[in-house]
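Below is one structure; the comments refer to it alone.
Computed from a predicted model, the values in this text were never measured in an experiment. In what follows, chains are A, B, ... by sequence order, proteins preceding strands, each numbered from 1.
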2 protein chains.
Amino acid sequence: MQELFSQIELIYPINPESKQTLSSICKEVNFSKGKNIQEIGHTCKTIYFVKKGVVRIYYFKEAIDITESFEFENSFVARAESLFTGKPSRKAIQAIEDTTLIAIDSTKFFQLFDTHPDLERLFRKIIEASYVNTVNRIESLQFNTAEERYKTLLKAAPDVLKRIPLKYVASYLGITQVSLSRIRGIK
Amino acid sequence: MQELFSQIELIYPINPESKQTLSSICKEVNFSKGKNIQEIGHTCKTIYFVKKGVVRIYYFKEAIDITESFEFENSFVARAESLFTGKPSRKAIQAIEDTTLIAIDSTKFFQLFDTHPDLERLFRKIIEASYVNTVNRIESLQFNTAEERYKTLLKAAPDVLKRIPLKYVASYLGITQVSLSRIRGIK
DNA sequence: GTGATTATTTATCTTATGATAAATTCTTTG
DNA sequence: CAAAGAATTTATCATAAGATAAATAATCAC
(Lines give C-alpha, C1' and ligand atoms only; values in the text may rest on other atoms or scores of the structure.)
Protein backbone atom coordinates (compact mmCIF):
# COMPACT_ATOMS: atom_id res chain seq x y z
CA MET A 1 0.00 0.00 0.00
CA GLN A 2 2.99 2.27 0.46
CA GLU A 3 3.02 3.28 -3.22
CA LEU A 4 -0.64 4.26 -3.03
CA PHE A 5 -0.16 6.43 0.03
CA SER A 6 2.94 8.08 -1.39
CA GLN A 7 0.98 9.04 -4.45
CA ILE A 8 -1.94 10.32 -2.37
CA GLU A 9 0.50 12.44 -0.38
CA LEU A 10 1.45 14.22 -3.62
CA ILE A 11 -2.16 14.89 -4.56
CA TYR A 12 -3.86 15.74 -1.29
CA PRO A 13 -2.58 14.54 2.10
CA ILE A 14 -5.21 12.78 4.14
CA ASN A 15 -5.25 12.18 7.87
CA PRO A 16 -4.04 8.92 9.46
CA GLU A 17 -7.49 7.75 10.37
CA SER A 18 -8.65 8.19 6.77
CA LYS A 19 -5.64 6.22 5.56
CA GLN A 20 -6.54 3.43 7.93
CA THR A 21 -10.15 3.42 6.78
CA LEU A 22 -9.16 3.56 3.12
CA SER A 23 -6.81 0.59 3.61
CA SER A 24 -9.71 -1.45 4.89
CA ILE A 25 -11.56 -1.22 1.56
CA CYS A 26 -8.51 -1.89 -0.64
CA LYS A 27 -7.02 -5.11 -1.76
CA GLU A 28 -4.06 -6.00 -3.88
CA VAL A 29 -4.66 -8.01 -7.05
CA ASN A 30 -2.40 -9.39 -9.79
CA PHE A 31 -3.06 -9.92 -13.48
CA SER A 32 -0.71 -11.48 -15.93
CA LYS A 33 0.10 -9.91 -19.27
CA GLY A 34 -2.79 -9.84 -21.70
CA LYS A 35 -5.49 -10.69 -19.15
CA ASN A 36 -8.60 -8.56 -18.81
CA ILE A 37 -8.98 -6.89 -15.43
CA GLN A 38 -12.54 -5.83 -16.12
CA GLU A 39 -14.73 -7.09 -18.93
CA ILE A 40 -16.92 -5.33 -21.49
CA GLY A 41 -20.53 -5.18 -20.30
CA HIS A 42 -19.58 -5.06 -16.64
CA THR A 43 -20.65 -2.07 -14.55
CA CYS A 44 -17.59 -0.41 -13.07
CA LYS A 45 -17.56 -0.65 -9.26
CA THR A 46 -13.83 -0.57 -8.68
CA ILE A 47 -11.20 2.13 -8.86
CA TYR A 48 -7.73 0.73 -9.46
CA PHE A 49 -4.35 2.11 -8.58
CA VAL A 50 -1.50 0.73 -10.71
CA LYS A 51 1.27 -0.38 -8.38
CA LYS A 52 3.36 -2.16 -11.00
CA GLY A 53 2.86 -2.66 -14.73
CA VAL A 54 0.70 -0.96 -17.33
CA VAL A 55 -2.93 -1.26 -18.27
CA ARG A 56 -5.13 0.02 -21.05
CA ILE A 57 -8.81 0.76 -21.45
CA TYR A 58 -10.11 -0.47 -24.81
CA TYR A 59 -13.29 -1.11 -26.74
CA PHE A 60 -14.38 -2.37 -30.11
CA LYS A 61 -15.69 -0.32 -32.97
CA GLU A 62 -16.93 -2.54 -35.78
CA ALA A 63 -14.73 -5.42 -34.63
CA ILE A 64 -11.66 -3.15 -34.51
CA ASP A 65 -9.87 -2.99 -31.17
CA ILE A 66 -9.41 0.66 -30.10
CA THR A 67 -7.32 1.77 -27.12
CA GLU A 68 -8.87 4.67 -25.26
CA SER A 69 -6.07 5.21 -22.73
CA PHE A 70 -3.04 3.80 -20.95
CA GLU A 71 -2.17 3.98 -17.28
CA PHE A 72 1.28 3.35 -15.85
CA GLU A 73 2.60 2.97 -12.31
CA ASN A 74 1.18 5.37 -9.72
CA SER A 75 -1.93 6.21 -11.72
CA PHE A 76 -5.58 5.57 -11.04
CA VAL A 77 -7.79 3.78 -13.57
CA ALA A 78 -11.52 3.39 -13.91
CA ARG A 79 -14.02 3.49 -16.72
CA ALA A 80 -15.52 6.89 -15.93
CA GLU A 81 -18.54 6.57 -18.22
CA SER A 82 -19.66 3.56 -16.18
CA LEU A 83 -18.41 4.48 -12.70
CA PHE A 84 -20.22 7.84 -12.71
CA THR A 85 -23.38 6.80 -14.50
CA GLY A 86 -23.94 3.31 -13.08
CA LYS A 87 -24.42 1.96 -16.60
CA PRO A 88 -22.59 -1.11 -17.97
CA SER A 89 -19.38 -0.16 -19.72
CA ARG A 90 -18.73 -0.83 -23.39
CA LYS A 91 -15.06 -0.88 -22.49
CA ALA A 92 -12.63 -3.30 -20.90
CA ILE A 93 -9.47 -2.85 -18.84
CA GLN A 94 -6.53 -5.08 -19.74
CA ALA A 95 -3.06 -5.70 -18.33
CA ILE A 96 -0.43 -4.92 -20.97
CA GLU A 97 2.38 -6.23 -18.75
CA ASP A 98 2.19 -8.44 -15.67
CA THR A 99 0.46 -5.97 -13.41
CA THR A 100 -0.15 -5.43 -9.69
CA LEU A 101 -3.10 -3.25 -8.80
CA ILE A 102 -4.71 -1.97 -5.67
CA ALA A 103 -8.45 -2.34 -6.06
CA ILE A 104 -10.66 0.15 -4.24
CA ASP A 105 -14.32 -0.73 -3.83
CA SER A 106 -16.01 2.36 -5.26
CA THR A 107 -19.34 1.88 -3.53
CA LYS A 108 -17.69 1.75 -0.11
CA PHE A 109 -15.29 4.52 -1.08
CA PHE A 110 -18.10 6.89 -2.07
CA GLN A 111 -19.95 6.10 1.16
CA LEU A 112 -16.89 7.14 3.15
CA PHE A 113 -17.19 10.64 1.71
CA ASP A 114 -20.01 11.47 4.15
CA THR A 115 -17.76 10.88 7.13
CA HIS A 116 -14.33 11.62 5.62
CA PRO A 117 -14.36 14.92 3.73
CA ASP A 118 -10.62 14.60 3.10
CA LEU A 119 -11.23 11.48 1.02
CA GLU A 120 -13.82 13.32 -1.04
CA ARG A 121 -11.36 16.18 -1.50
CA LEU A 122 -8.66 13.76 -2.60
CA PHE A 123 -10.97 12.09 -5.08
CA ARG A 124 -12.15 15.42 -6.44
CA LYS A 125 -8.56 16.40 -7.15
CA ILE A 126 -7.89 13.11 -8.91
CA ILE A 127 -10.93 13.62 -11.12
CA GLU A 128 -10.01 17.23 -11.84
CA ALA A 129 -6.57 16.16 -13.06
CA SER A 130 -8.05 13.40 -15.22
CA TYR A 131 -10.51 15.88 -16.66
CA VAL A 132 -7.72 18.29 -17.59
CA ASN A 133 -5.92 15.43 -19.34
CA THR A 134 -8.92 14.51 -21.43
CA VAL A 135 -9.58 18.13 -22.37
CA ASN A 136 -5.99 18.39 -23.61
CA ARG A 137 -6.40 15.19 -25.53
CA ILE A 138 -9.47 16.50 -27.31
CA GLU A 139 -7.42 19.46 -28.39
CA SER A 140 -4.76 17.20 -29.86
CA LEU A 141 -7.33 15.07 -31.70
CA GLN A 142 -9.26 18.05 -33.04
CA PHE A 143 -6.73 19.51 -35.45
CA ASN A 144 -3.27 18.04 -35.05
CA THR A 145 -2.10 15.74 -37.84
CA ALA A 146 -1.30 12.12 -37.06
CA GLU A 147 2.39 12.97 -37.30
CA GLU A 148 2.07 15.85 -34.82
CA ARG A 149 0.20 13.63 -32.39
CA TYR A 150 2.86 10.96 -32.66
CA LYS A 151 5.70 13.39 -32.10
CA THR A 152 3.96 15.03 -29.17
CA LEU A 153 3.45 11.65 -27.55
CA LEU A 154 7.06 10.67 -28.23
CA LYS A 155 8.18 13.79 -26.40
CA ALA A 156 5.61 13.87 -23.58
CA ALA A 157 5.52 10.16 -22.80
CA PRO A 158 8.44 8.22 -24.30
CA ASP A 159 7.54 5.40 -21.90
CA VAL A 160 4.40 4.74 -23.86
CA LEU A 161 6.41 3.97 -26.98
CA LYS A 162 8.90 1.81 -25.09
CA ARG A 163 6.45 -0.30 -23.16
CA ILE A 164 3.33 -0.45 -25.31
CA PRO A 165 2.93 -2.45 -28.54
CA LEU A 166 2.59 -0.06 -31.48
CA LYS A 167 -0.74 -1.49 -32.51
CA TYR A 168 -2.20 -0.17 -29.27
CA VAL A 169 -0.43 3.17 -29.59
CA ALA A 170 -1.82 3.60 -33.11
CA SER A 171 -5.48 3.41 -32.13
CA TYR A 172 -4.81 5.57 -29.07
CA LEU A 173 -3.57 8.24 -31.50
CA GLY A 174 -6.63 7.74 -33.69
CA ILE A 175 -4.81 6.15 -36.63
CA THR A 176 -4.25 2.66 -38.06
CA GLN A 177 -1.19 0.65 -37.23
CA VAL A 178 -0.02 0.87 -40.83
CA SER A 179 -0.21 4.67 -40.77
CA LEU A 180 1.77 4.83 -37.56
CA SER A 181 4.41 2.61 -39.05
CA ARG A 182 4.63 4.89 -42.09
CA ILE A 183 4.94 7.98 -39.89
CA ARG A 184 7.71 6.36 -37.86
CA GLY A 185 9.44 5.44 -41.11
CA ILE A 186 9.79 9.04 -42.24
CA LYS A 187 13.20 9.78 -40.75
CA MET B 1 -30.55 33.02 -9.39
CA GLN B 2 -33.62 30.78 -9.55
CA GLU B 3 -32.34 29.02 -12.70
CA LEU B 4 -29.04 28.23 -11.01
CA PHE B 5 -30.67 26.74 -7.95
CA SER B 6 -33.13 24.70 -10.01
CA GLN B 7 -30.23 23.20 -11.89
CA ILE B 8 -28.31 22.50 -8.67
CA GLU B 9 -31.39 20.76 -7.29
CA LEU B 10 -31.18 18.31 -10.22
CA ILE B 11 -27.51 17.58 -9.63
CA TYR B 12 -27.14 17.51 -5.86
CA PRO B 13 -29.51 19.33 -3.51
CA ILE B 14 -27.71 21.60 -1.05
CA ASN B 15 -29.01 22.95 2.23
CA PRO B 16 -30.58 26.43 2.56
CA GLU B 17 -27.63 27.91 4.38
CA SER B 18 -25.28 26.77 1.62
CA LYS B 19 -27.57 28.31 -0.96
CA GLN B 20 -27.47 31.57 0.90
CA THR B 21 -23.68 31.50 1.16
CA LEU B 22 -23.30 30.56 -2.48
CA SER B 23 -25.55 33.45 -3.50
CA SER B 24 -23.22 35.82 -1.74
CA ILE B 25 -20.31 34.99 -4.05
CA CYS B 26 -22.33 35.05 -7.28
CA LYS B 27 -23.20 37.93 -9.50
CA GLU B 28 -25.16 38.22 -12.68
CA VAL B 29 -23.36 39.54 -15.76
CA ASN B 30 -24.42 40.23 -19.35
CA PHE B 31 -22.45 39.99 -22.58
CA SER B 32 -23.70 40.91 -25.98
CA LYS B 33 -23.31 38.64 -28.98
CA GLY B 34 -19.73 38.18 -30.12
CA LYS B 35 -18.12 39.65 -27.00
CA ASN B 36 -15.42 37.77 -25.13
CA ILE B 37 -16.35 36.85 -21.59
CA GLN B 38 -12.82 35.82 -20.70
CA GLU B 39 -9.72 36.55 -22.74
CA ILE B 40 -6.82 34.37 -23.89
CA GLY B 41 -3.89 34.59 -21.48
CA HIS B 42 -6.10 35.22 -18.48
CA THR B 43 -6.00 32.79 -15.57
CA CYS B 44 -9.44 31.36 -14.98
CA LYS B 45 -10.86 32.40 -11.59
CA THR B 46 -14.53 32.27 -12.38
CA ILE B 47 -17.02 29.51 -12.94
CA TYR B 48 -19.99 30.61 -15.01
CA PHE B 49 -23.51 29.32 -15.15
CA VAL B 50 -25.33 30.09 -18.41
CA LYS B 51 -28.72 31.57 -17.53
CA LYS B 52 -29.66 32.68 -21.03
CA GLY B 53 -27.81 32.41 -24.34
CA VAL B 54 -24.92 30.28 -25.57
CA VAL B 55 -21.18 30.53 -25.17
CA ARG B 56 -18.19 28.77 -26.63
CA ILE B 57 -14.64 28.12 -25.52
CA TYR B 58 -12.17 28.66 -28.37
CA TYR B 59 -8.47 29.02 -29.09
CA PHE B 60 -6.20 29.60 -32.02
CA LYS B 61 -4.03 27.04 -33.72
CA GLU B 62 -1.75 28.69 -36.29
CA ALA B 63 -4.11 31.64 -36.62
CA ILE B 64 -7.10 29.33 -37.16
CA ASP B 65 -10.00 29.80 -34.75
CA ILE B 66 -10.96 26.45 -33.18
CA THR B 67 -14.01 25.90 -31.00
CA GLU B 68 -13.37 23.51 -28.16
CA SER B 69 -16.90 23.39 -26.76
CA PHE B 70 -20.32 25.03 -26.53
CA GLU B 71 -22.46 25.56 -23.47
CA PHE B 72 -26.17 26.36 -23.54
CA GLU B 73 -28.67 27.42 -20.89
CA ASN B 74 -28.39 25.67 -17.51
CA SER B 75 -24.80 24.57 -18.03
CA PHE B 76 -21.61 25.47 -16.23
CA VAL B 77 -18.57 26.78 -18.10
CA ALA B 78 -14.96 27.24 -17.14
CA ARG B 79 -11.61 26.63 -18.78
CA ALA B 80 -10.65 23.55 -16.82
CA GLU B 81 -6.99 23.47 -17.87
CA SER B 82 -6.56 26.89 -16.25
CA LEU B 83 -9.02 26.69 -13.34
CA PHE B 84 -7.48 23.48 -12.00
CA THR B 85 -3.84 24.23 -12.69
CA GLY B 86 -3.68 27.95 -11.93
CA LYS B 87 -1.90 28.57 -15.24
CA PRO B 88 -2.99 31.19 -17.77
CA SER B 89 -5.39 29.79 -20.33
CA ARG B 90 -4.64 29.64 -24.04
CA LYS B 91 -8.39 29.73 -24.55
CA ALA B 92 -11.12 32.35 -24.48
CA ILE B 93 -14.83 32.22 -23.66
CA GLN B 94 -17.16 34.09 -26.00
CA ALA B 95 -20.87 34.85 -26.10
CA ILE B 96 -22.40 33.44 -29.28
CA GLU B 97 -25.76 35.06 -28.56
CA ASP B 98 -26.61 37.87 -26.15
CA THR B 99 -25.92 36.01 -22.96
CA THR B 100 -26.73 36.29 -19.26
CA LEU B 101 -24.37 34.46 -16.93
CA ILE B 102 -24.07 33.93 -13.23
CA ALA B 103 -20.42 34.37 -12.30
CA ILE B 104 -19.12 32.39 -9.34
CA ASP B 105 -15.81 33.50 -7.84
CA SER B 106 -13.86 30.22 -7.90
CA THR B 107 -11.34 31.19 -5.20
CA LYS B 108 -14.11 31.96 -2.74
CA PHE B 109 -16.11 28.96 -3.90
CA PHE B 110 -13.22 26.55 -3.30
CA GLN B 111 -12.64 28.07 0.14
CA LEU B 112 -16.22 27.35 1.07
CA PHE B 113 -15.58 23.65 0.59
CA ASP B 114 -13.86 23.45 3.98
CA THR B 115 -17.00 24.57 5.78
CA HIS B 116 -19.68 23.40 3.34
CA PRO B 117 -19.12 19.79 2.29
CA ASP B 118 -22.37 19.81 0.34
CA LEU B 119 -20.92 22.44 -2.01
CA GLU B 120 -17.83 20.32 -2.58
CA ARG B 121 -20.07 17.32 -3.27
CA LEU B 122 -22.10 19.35 -5.75
CA PHE B 123 -18.99 20.55 -7.52
CA ARG B 124 -17.53 17.05 -7.63
CA LYS B 125 -20.66 15.81 -9.36
CA ILE B 126 -20.53 18.63 -11.88
CA ILE B 127 -16.91 17.78 -12.71
CA GLU B 128 -17.66 14.07 -12.94
CA ALA B 129 -20.39 14.73 -15.50
CA SER B 130 -18.12 17.03 -17.52
CA TYR B 131 -15.41 14.41 -17.42
CA VAL B 132 -17.75 11.75 -18.77
CA ASN B 133 -18.69 14.10 -21.62
CA THR B 134 -15.10 14.70 -22.62
CA VAL B 135 -14.29 10.98 -22.49
CA ASN B 136 -17.19 10.32 -24.84
CA ARG B 137 -15.99 13.06 -27.13
CA ILE B 138 -12.53 11.54 -27.35
CA GLU B 139 -14.17 8.33 -28.46
CA SER B 140 -16.02 10.13 -31.24
CA LEU B 141 -12.88 11.95 -32.41
CA GLN B 142 -10.72 8.83 -32.33
CA PHE B 143 -12.26 6.81 -35.12
CA ASN B 144 -15.56 8.19 -36.33
CA THR B 145 -15.53 9.81 -39.76
CA ALA B 146 -16.41 13.48 -40.09
CA GLU B 147 -19.79 12.47 -41.48
CA GLU B 148 -20.51 10.18 -38.52
CA ARG B 149 -19.57 12.93 -36.08
CA TYR B 150 -21.84 15.39 -37.85
CA LYS B 151 -24.79 13.01 -37.88
CA THR B 152 -24.29 12.08 -34.24
CA LEU B 153 -24.28 15.73 -33.29
CA LEU B 154 -27.35 16.41 -35.40
CA LYS B 155 -29.19 13.70 -33.52
CA ALA B 156 -27.82 14.32 -30.01
CA ALA B 157 -27.88 18.12 -30.03
CA PRO B 158 -29.97 19.60 -32.86
CA ASP B 159 -29.89 22.87 -30.91
CA VAL B 160 -26.23 23.23 -31.68
CA LEU B 161 -26.93 23.26 -35.39
CA LYS B 162 -29.86 25.66 -35.03
CA ARG B 163 -28.18 28.23 -32.82
CA ILE B 164 -24.48 28.04 -33.67
CA PRO B 165 -22.86 29.35 -36.87
CA LEU B 166 -21.58 26.42 -38.93
CA LYS B 167 -18.03 27.72 -38.97
CA TYR B 168 -17.92 27.15 -35.22
CA VAL B 169 -19.58 23.76 -35.46
CA ALA B 170 -17.02 22.65 -38.06
CA SER B 171 -13.97 23.20 -35.88
CA TYR B 172 -15.80 21.69 -32.90
CA LEU B 173 -16.18 18.53 -35.00
CA GLY B 174 -12.51 18.69 -35.97
CA ILE B 175 -13.08 19.55 -39.64
CA THR B 176 -12.94 22.64 -41.86
CA GLN B 177 -16.00 24.67 -42.65
CA VAL B 178 -15.75 23.66 -46.30
CA SER B 179 -15.77 19.97 -45.39
CA LEU B 180 -18.78 20.41 -43.15
CA SER B 181 -20.61 22.17 -45.93
CA ARG B 182 -19.79 19.31 -48.28
CA ILE B 183 -21.02 16.73 -45.77
CA ARG B 184 -24.27 18.64 -45.28
CA GLY B 185 -24.66 18.84 -49.05
CA ILE B 186 -24.72 15.05 -49.49
CA LYS B 187 -28.50 14.58 -49.15
C1' DG C 1 -33.73 49.35 -47.40
C1' DT C 2 -29.22 49.36 -49.47
C1' DG C 3 -24.51 48.58 -49.50
C1' DA C 4 -20.97 46.28 -46.93
C1' DT C 5 -19.65 42.62 -44.39
C1' DT C 6 -19.83 37.91 -43.00
C1' DA C 7 -21.32 33.12 -43.55
C1' DT C 8 -22.11 29.31 -46.45
C1' DT C 9 -21.79 26.65 -50.50
C1' DT C 10 -19.73 24.88 -54.70
C1' DA C 11 -15.81 23.63 -57.55
C1' DT C 12 -11.13 22.02 -58.41
C1' DC C 13 -7.01 20.13 -57.21
C1' DT C 14 -3.84 18.04 -53.63
C1' DT C 15 -2.58 15.21 -49.88
C1' DA C 16 -2.77 12.49 -45.68
C1' DT C 17 -4.48 8.50 -44.19
C1' DG C 18 -7.25 4.19 -44.87
C1' DA C 19 -7.59 -0.63 -46.90
C1' DT C 20 -5.50 -4.54 -48.37
C1' DA C 21 -1.79 -7.64 -49.11
C1' DA C 22 2.66 -9.32 -48.63
C1' DA C 23 7.29 -9.27 -46.65
C1' DT C 24 9.96 -8.98 -42.58
C1' DT C 25 11.14 -9.13 -37.91
C1' DC C 26 10.26 -10.29 -33.26
C1' DT C 27 8.34 -13.27 -29.55
C1' DT C 28 6.63 -17.24 -27.58
C1' DT C 29 6.35 -21.97 -26.57
C1' DG C 30 6.93 -26.81 -26.88
C1' DC D 1 16.41 -23.83 -30.59
C1' DA D 2 13.05 -24.45 -34.12
C1' DA D 3 8.51 -23.81 -35.59
C1' DA D 4 4.43 -21.14 -35.09
C1' DG D 5 2.34 -17.14 -34.21
C1' DA D 6 2.25 -12.22 -33.51
C1' DA D 7 3.89 -7.61 -34.41
C1' DT D 8 5.78 -4.41 -37.51
C1' DT D 9 7.05 -2.63 -41.84
C1' DT D 10 6.72 -1.87 -46.76
C1' DA D 11 4.17 -1.42 -51.02
C1' DT D 12 0.17 -0.25 -53.84
C1' DC D 13 -4.08 1.69 -54.62
C1' DA D 14 -8.40 4.24 -53.07
C1' DT D 15 -10.67 7.92 -50.74
C1' DA D 16 -12.00 11.38 -47.29
C1' DA D 17 -10.84 15.61 -46.10
C1' DG D 18 -7.64 19.85 -46.65
C1' DA D 19 -6.41 24.16 -49.38
C1' DT D 20 -7.63 27.59 -52.24
C1' DA D 21 -10.65 30.34 -54.91
C1' DA D 22 -14.89 31.96 -56.40
C1' DA D 23 -19.99 32.22 -56.24
C1' DT D 24 -24.01 32.79 -53.63
C1' DA D 25 -26.70 33.71 -49.55
C1' DA D 26 -27.54 35.77 -45.16
C1' DT D 27 -26.84 39.37 -41.78
C1' DC D 28 -25.59 43.82 -40.15
C1' DA D 29 -24.96 48.80 -39.91
C1' DC D 30 -26.06 53.11 -41.28
### Message
Using a strict threshold of under 4.0 Å (side-chain N to carboxylate O), is an ion pair present between B:E120 and B:R124?
### Response
no
### Task
Sugar-phosphate atoms are those with a prime plus P, OP1 and OP2; base atoms are the rest. Using that split, label each nucleotide of nucleotides 6-20 of chain C B, S or - for protein heavy atoms under 4.0 Å, 5' to 3'.
-SBBBBB----BBSB
## Note on the structure
Overall bend of the helix from C:dG1-D:dC30 to C:dG30-D:dC1 (five pairs an end, 10° steps) is 60°
## Note on the structure
Rounded to whole Å, the CD-P distance (A:Q142 to D:dA17) equals 15 Å
#### Entry: Partners meeting salt bridge (Lys or Arg N to Asp or Glu O under 4.0 Å) with A:R137 (sequence neighbours left out)
none
### Message
Is the distance between the ring centroids of B:F123 and B:F109 under 6.0 Å?
### Response
yes
### Query
What are the two closest heavy atoms between A:R79 and A:T43, and how far apart are they?
NH2-C, 4.4 Å
Can you check nucleotides 28-30 of chain C for protein contacts, nitrogen or oxygen pairs under 3.5 Å, and list what you find?
| residue | atom | partner | partner atom | Å |
| --- | --- | --- | --- | --- |
| C:dT28 | OP1 | A:K33 | NZ | 3.1 |

### Task
Kindly check if the number of other-residue, nucleotide or ligand heavy atoms within 6.0 Å of NZ (A:K61) is above 12?
yes
### Summary
What one should report as the nearest heavy-atom pair of A:H42 and A:S82 is O-OG, 4.1 Å
### Task
Go through the structure and list residues passing ring-ring contact (aromatic ring centres under 6.0 Å, His included) with A:F70, not counting sequence neighbours.
A:Y172
### Task
For A:G41 and A:P88, work out which heavy atoms get closest and say how close.
O-CB, 3.4 Å
### Message
Under the rule for ring-ring contact (aromatic ring centres under 6.0 Å, His included), what residues qualify as partners of A:F60, not counting sequence neighbours?
### Response
A:Y58
### Message
What I want to find out is whether A:R90 reaches B:E139 closely enough, with some N-O distance under 4.0 Å, to be called a salt bridge.
### Response
yes
